[in-house]
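Some notes on the structure that comes next.
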Number of protein chains: 2
Amino acid sequence: MYICSMYSSELIKGTLKTIVLNLLKDNRKMYGYEITQEVKKMTSDKIQITEGALYPTLHALEKQGDLITEKVYIGKRVRKYYILTDQGKVTMTDRVNEFADFMKTMRFLLDLDSTVQNA
Amino acid sequence: MYICSMYSSELIKGTLKTIVLNLLKDNRKMYGYEITQEVKKMTSDKIQITEGALYPTLHALEKQGDLITEKVYIGKRVRKYYILTDQGKVTMTDRVNEFADFMKTMRFLLDLDSTVQNA
DNA sequence: ATTAATACATAAGAAAATTATGTATTAATT
DNA sequence: AATTAATACATAATTTTCTTATGTATTAAT
């Protein structure tokens, strides 16, 4: 997963890229460790991204042209900021829309709109 | 995946057990092929479960005691109906609630409530 | 002085799909 | 009548994506 205290690991698979790309929208620049902390904070520890999952994903997104990096030295420590490219913005929008549509489909399929769970 | 014309494969990973268990609720009994067709129909072809994914999943759920089977012969053709056990009903509820909660978390994380996509 | 936190990275292994293949019956089409 | 499509099961090889483990190094806190 990304170490999830709350969700069974297989549930969350496949959403990491969507989460990362979405966090970087509005020209925000973030570095890896910051992403892990922000997601942990925003989800009240429900989703905790592991470094073993995050860094390869960031490298893949960079390789495919969705992200560019900016190295900054904080004292002697390296920090790699990630920024969305124009292509990355398109990918981000596609991914988020796709996930939103997927949720809609799943809500219908699991009959969730008539239950309490989706409050 | 389950052959998804619409969703990128990694998005859907991990929801198959939840989908299957949920379809079998209310003491409904279904066989494998029927499940693939029902999901295809209910999602307007957006989610198409492949046999390579479904059968191993059904066998796993049976092995762990969530499902029992009932063989029926239609002429010379075998049909294996799957039925939720009492344990399976608990698993089903847990899984569906977990997914509902996960969607809630993701809606917040992706800031979907303030956009058009979640209509 | 030691531990925790920050910050990066990669590699081995596991889980859950995909893709491909196989068997066999029955219905539909040409 | 012969072929194709649909029904219905199954498994095996491969790929993807994550987990778990490990590694290096700096800085802050105890």
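- Side-chain contact annotation: T69(B) with E62(B), donor-acceptor N/O pair under 3.5 Å present.
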Taking only nitrogen or oxygen atoms into account, show me every contact under 3.5 Å that the protein makes with nucleotides 24-26 of chain D, one pair per line with its distance.
from	atom 1	to	atom 2	distance (Å)
dT26(D)	O2	R77(A)	NH1	2.3

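- Between the OH atom of Y81(A) and the C1' atom of dA7(C) there is a distance of 11 Å, rounded to whole Å.
- In this structure, I35(A) places its CD1 atom 15 Å from C1' of dT6(C), rounding to the nearest Å.
- No side-chain heavy atom of M30(A) sits less than 4.5 Å from a side-chain heavy atom of I83(A).
- Test V20(B), T91(B), N27(B), L21(B) against L84(B) for side-chain contact (heavy atoms from CB on, under 4.5 Å) and you get one pass: L21(B).
- Note that CG of L23(A) is 7.5 Å distant from CD1 of I19(A), once rounded to the nearest 0.5 Å.
- Checking dA7(C), dT10(C), dA9(C) against the side-chain heavy atoms of P56(A) singles out dT10(C) as nearest.
- Distance E34(B) CD to dC9(D) C1': 14 Å, rounded to the nearest Å.
- The base-pairing partner of dA25(D), taking Watson-Crick or G-U wobble contacts with both distances under 3.5 Å, is dT6(C).
- Taking every side-chain heavy atom of H59(B) into account, dA10(D) is the closest of dT10(C), dA10(D), dT6(C).
- Atom CG in L54(B) sits roughly 15 Å away from atom P in dT7(D) (whole-Å rounding).
- With respect to D66(B), the side-chain hydrogen bond (donor to acceptor under 3.5 Å, both in side chains) criterion is satisfied by exactly one of K89(B), K17(B), Q87(B), R95(B): Q87(B).
- Between Y55(A) atom OH and dA11(C) atom C1' there is a gap of 16 Å when expressed in whole angstrom units.
- Taking 4.0 angstrom as the limit, Y31(B) places none of its side-chain polar atoms (N or O) nearer than this to OP1 or OP2 of dC9(D).
- If you take OH of Y33(A) and P of dT27(D), they are 15 Å apart, rounded to a whole angstrom.
- Distance check, rounded to the nearest 0.5 Å: OG1 of T15(B) to CD1 of I49(B) gives 8.0 Å.
- For the pair G52(A) and K80(B), both in contact range of DNA chain D, the more 5′-proximal nearest nucleotide belongs to K80(B).
- Whole-Å rounding puts the R79(A) CZ to dA5(C) P distance at 17 Å.
- E51(B) comes within 4.0 angstrom of a nucleotide base, judged by non-hydrogen atoms across all strands.
- Across all strands shown, dT30(D) forms a Watson-Crick or G-U wobble pair, both distances under 3.5 Å, with dA1(C).
- Residue contacts shown for G32(A) are limited to sugar-phosphate atoms, with no base heavy atom under 4.0 Å away.
- With a 6.0 Å cutoff to the six-membered ring centre and a 45° limit on the axis angle, K80(A) does not count as a cation-pi contact of Y31(A).
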